[in-house]
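Whatever order the structure lists them in is the order used to number ligands and atoms, beginning at 1.
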Amino acid sequence: MLNFVFLGPPGSGKGTQSAKLIEDFGFIHLSTGDIFRAELKSGSALGLEAKGYLDSGLLVPDDVVIRMIEQKLDASPANAGFIFDGFPRTQVQAEALDNLLELKGMPLQFVVLLEVPDSILRERLTERAKTSGRSDDANPEIIEKRIRVYQNETFPLIDFYGNQGKLNRVAGVGHIDEIYARIRLSLHI
Ligand code: AMP
């Protein structure tokens, strides 16, 4: 079993690369953004609670996200491992994830940081807006806000996981398959 976190700003390719890894290795994908969007679509209380944050590019409060991940972990059968995508995004979330996984006896092995320059993120998100149907991709101001939120709230996790010796930096630019090969190398798979 291999559990790892995909760290990286919005538009860095976490979702795209997760899809390839899932197809090849059967990991379970826990993408908090995808889960919130699905909850919103189904009109659940959780979706309604998250809506304002998603629309404005702000982070959903830690306790809501942590509770949700805990439920998803409990509900998931034994498997090849989990990809945490878009989670954790704050130090509080990272500490909670460490505790949850320790309790389950299946610690995080790696953190893959996809590094992409901001100018490319803006281009990718604007392009993605044409097909994603995501209002937070379609609005340049919200894109800027999400990049800033990443820098302010999530950037400190680079040191957090660096200090744990788990951080692998991967250049997230170039052809999708090239990036995928770099990721597999960093995960030793
Ligand atoms: P994403 O699909 O990862 O870009 O996430 C879309 C939005 O969902 C974010 O802008 C946040 O509003 C919310 N979100 C996703 N993951 C988290 C998280 N781990 N903590 C707080 N908010 C989150």
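Not one N or O of Gly57 is nearer than 3.5 Å to an N or O of ligand 1, by distance alone.
Remark: Lys166 is not positioned above the aromatic ring of Phe110, lacking an NZ or CZ atom under 6.0 angstrom from the ring centre and at most 45 degrees off the axis.
Taking atom 22 (N) of ligand 1 as the reference point, the nearest protein heavy-atom neighbour is Val60 N, 3.0 Å. Of the protein's non-hydrogen atoms, Leu54 CD1, 3.8 Å is the one closest to atom 13 (C) of ligand 1.
Counting only heavy atoms from C-beta outward, the side chains of Leu157 and Thr90 never approach each other to under 4.5 Å. Side-chain contact between Ile83 and Leu21 is present, with at least one heavy-atom pair separated by less than 4.5 Å. For the pair Lys20/Ile176, a side-chain contact is recorded, criterion being any heavy-atom separation below 4.5 Å from C-beta on.
A continuous path of hydrophobic side-chain contacts links Ile28 to Met1 [ILVMFWY only; heavy atoms under 4.5 Å].
Looking at Lys14 against ligand 1, nothing comes within 4.0 Å, counting heavy atoms. Under 4.0 Å from ligand 1, the heavy atoms of Val65 that appear belong solely to its side chain. Neither the backbone nor the side chain of Asp62 comes within contact range of ligand 1; no heavy atom lies under 4.0 Å.
Heavy-atom proximity to Tyr53, at under 4.0 Å, picks out these atoms of ligand 1: 12 (O). Close contacts of ligand 1 with Arg146, meaning ligand atoms under 4.0 Å from a residue heavy atom, involve 4 (O).
Between Phe4 and Phe6, the ring planes lie perpendicular to each other; the angle is over 60°, past the 30° to 60° tilted range.
Nearest-heavy-atom check against atom 17 (C) of ligand 1 across Arg37, Gln93, Arg89 picks out Arg89. Heavy-atom proximity to atom 4 (O) of ligand 1, evaluated over Lys51, Arg134, Lys145, is greatest for Arg134. With atom 10 (O) of ligand 1 as the reference point, the heavy atom nearest to it among Asp85, Leu58, Thr32, Asp34 is part of Leu58.
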Steps toward salt bridge (charged side-chain N to carboxylate O under 4.0 Å, His left out) verdict (Lys130, Asp137): CA-CA 9 Å; Lys130 294 177 187 165; Asp137 287 343; over 6 Å; no

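For the 3.5 Å distance criterion, the side chains of Glu39 and Ser44 qualify, holding a donor opposite an acceptor.
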